[in-house]
Amino acid sequence: MPELPEVEVVRVGLEEHLVGRVVSSVEVLHPRAIRRHVPGEADFVGRLVGSKITAVRRRGKYLWWELADGTAVLAHLGMSGQMLIQPQNEADEKHLRVRIEFADGGPELRFVDQRTFGGLSLWDLVEVDGTVLPSAVSHIARDPMDPLFDIAAVARALRARRTEAKRALLDQTLVSGVGNIYADEALWRVGLHWARPADRLTVAQARDVLTAATEVMAEALRVGGTSFDALYVNVNGESGYFSRSLDAYGREGEPCRRCGSAIVREAFMNRSSFHCPRCQPKPRSRRR
DNA sequence: AGGGCAACCTGGGGGC
DNA sequence: TGCCCCCAGGTTGCCC
C-alpha cells in the first residue's frame, strides 16, 4: 500500500495494536522479506524476540516501530505489502512472509506481500536534523505531514531541480510520501503538466503544487486511503474509499471534472501518467 | 553530483 | 481454455 496516506492508515492501526506488547516469536516464511539486514535473518529474529514495542512511527512511505533498546524495526510495503493483525487461528494468507507473535497470546502481526518488493529490517536509531530515525531512513526527506516540513525550503529545492516536475515530486529525497497517484492528482489540481521543467516553475507554482500534494493526501487519509482492490487494506483488511475521489489517476478517456476534456494517459518513467490535455497543457520545449 | 534506467517479483486482465 | 503480452500505489544500484 504504497503512498503516504495508505502507509499512515497502517501506522495508526499498528500503533493501536502493537505498542506495549512484547514479541515472543518471529517466523520468516520468505527470505526476501528480511532485507538489508546484513547480520542475516537469524540475527534479526534473535534480536526481535523478547523485545518490547514502544512506539510506531512513519516518514514518507517508510514505517517503523521502536524497541526499548534504541533500535527499530523498519518496514516498507513496496508495491503490495500488507500488515495484518490476525487471530492466531486464522488460516495463513497465500503470500504470508513474516509472522510475529506476542507474549500476551493476543492477535498476531502478519506481513503479507505478493510481489516481495517490501520487507522488514532492523536498524539503530539515529538523530538527523533534530529527528530520531532508523539509520536507513536518514536520506529520506520530511513528508508534508511532518510538523517540521518546510514548504518554502522544499519549493526552493524543487525549483533547483533540472528535471520534470513529476519526477521531482516522486524523488523521496526532496519530499517524501508522494507516489504516482498523488503526484498526478497534485499536478491536476494546479494545472501543471507532468513534464513541466521544475526549474521553470514560478515560486508560487512550486509552493502550490506542494500544497496540493499535501491536501490531496490529507483528504485521502481521512477516508482510509486509495484502494482499487484487496491488495491495499488496513490492518483489519479493510479498503479505503479515496479511489472514487481521484480526478486524474486511472481516468484515461473519462471527462476532466474541471473542463470535460478526455483525460490522457502517457508512459513516463516506465509507468503511467494521467493528465488533462486542456487544463495541463504540455510545456513548450526548453530553449537554451 | 545528479539524472535516468533496468532490475527486483507475482498475478490479474485483455487480446487472439 | 490457454498463452502471451501488458499492466500495477516502489526503491535500489549502476551507468553516464
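All chains are named by letter (A, B, ...) in the order of the sequence lines, taking the proteins before the strands, and each is independently numbered beginning at 1.
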Rounding to a whole Å, what distance do you find between [X]:[atom1] and [N]:[atom2]?
X	N	atom1	atom2	result
A:Gln172	C:dT12	CD	C1'	13 Å
A:Tyr232	B:dG11	OH	P	14 Å
A:Leu158	B:dG2	CG	P	15 Å
A:Asn180	C:dA8	CG	P	8 Å
A:Arg35	C:dT12	CZ	P	10 Å
A:Leu74	C:dT12	CG	P	10 Å
A:His139	C:dT12	NE2	C1'	9 Å
A:Leu231	B:dC9	CG	C1'	12 Å

Across all strands, who's sitting opposite [N] as a Watson-Crick or G-U wobble pair, both distances under 3.5 Å?
N	result
B:dC9	none
B:dC16	C:dG2
C:dG9	none

query = Taking atom CZ of A:Phe228 as the centre, does the number of heavy atoms from other residues, nucleotides or ligands within less than 6.0 Å exceed 12?
reply =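 Enclosed: over 12 neighbouring heavy atoms sit under 6.0 Å from CZ of A:Phe228.
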query = Is the shortest distance from a Lys or Arg side-chain nitrogen in A:Asp113 or A:Arg32 to a carboxylate oxygen in the other one below 4.0 Å?
reply =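 No, A:Asp113 and A:Arg32 are not salt-bridged.
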Look at the side-chain N and O atoms of [X] and state whether any lies under 4.0 Å from the OP1 or OP2 oxygen of [N].
X	N	answer
A:Arg32	B:dC8	no
A:His95	B:dT10	no
A:Arg167	B:dG4	yes
A:Lys94	B:dG11	yes
A:Lys61	C:dG9	no
A:Ser272	C:dA8	yes
A:Asn270	B:dA6	yes
A:Thr163	B:dG4	yes

task = With DNA chain C as reference, determine whether A:Leu170 or A:Gln114 sits nearer its 5' end, using the nearest nucleotide of each.
result =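 Here A:Gln114 is the residue nearer the 5' end.
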query = Where does the angle between the aromatic ring planes of A:Tyr182 and A:Phe242 fall among parallel (under 30°), tilted (30 to 60°) and perpendicular (over 60°)?
reply =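 Rings of A:Tyr182 and A:Phe242: tilted, 30 to 60°.
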Distance between P atoms of B:dG11 and C:dT11 (Å, rounded) =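 These two P atoms come out 22 Å apart once rounded.
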So what does [X] touch, heavy atoms closer than 4.0 Å: a base, only the sugar-phosphate, or nothing?
X	value
A:His30	nothing
A:Arg97	nothing
A:Tyr62	sugar-phosphate
A:Tyr182	nothing

Which of the following nucleotides, [options], is nearest to the side chain of [X]?
X	options	value
A:Met79	B:dC8, C:dG9, C:dT11	C:dG9
A:Arg265	C:dT11, C:dA8, B:dC8	C:dA8
A:Glu164	B:dG4, C:dG9, B:dC8	B:dG4
A:Arg161	B:dG4, B:dG3, C:dG9	B:dG3
A:Thr116	B:dC9, C:dG9, B:dG4	B:dC9

request  = Would you mind calling B:dG12 syn or anti? Take O4'-C1'-N9-C4 for purines or O4'-C1'-N1-C2 for pyrimidines, and syn is within 90° of 0.
outcome  =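 Anti conformation here, the glycosidic angle of B:dG12 being more than 90° from 0.
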key: Ring-face cation contact, A:Trp194 with A:Arg167, 6.0 Å cut, 45° max   =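 Checked: cation-pi criterion not met.
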task = Sort out for me which residue in A:Arg99, A:Arg97, A:Arg110 forms a salt bridge (Lys or Arg N to Asp or Glu O under 4.0 Å) with A:Glu27.
result =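 It is A:Arg99, the one option of A:Arg99, A:Arg97, A:Arg110 that forms the salt bridge (Lys or Arg N to Asp or Glu O under 4.0 Å) with A:Glu27.
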ask   = Can you check whether A:Gln172's main-chain N or O pairs, donor with acceptor, with A:Ser176's side chain at less than 3.5 Å?
value =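 No: the side chain of A:Ser176 does not pair with the backbone of A:Gln172.
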ask   = Would you call A:Phe117 stacked on B:dC9, i.e. ring centres under 5.5 Å apart with the planes less than 30° off parallel?
value =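 The ring of A:Phe117 is not stacked on B:dC9.
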task = Supply the atom-to-atom distance A:His193 NE2 to A:Lys282 NZ, rounded to the nearest 0.5 angstrom.
result =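 Rounded to the nearest 0.5 Å, the NE2-NZ separation comes to 5.0 Å.
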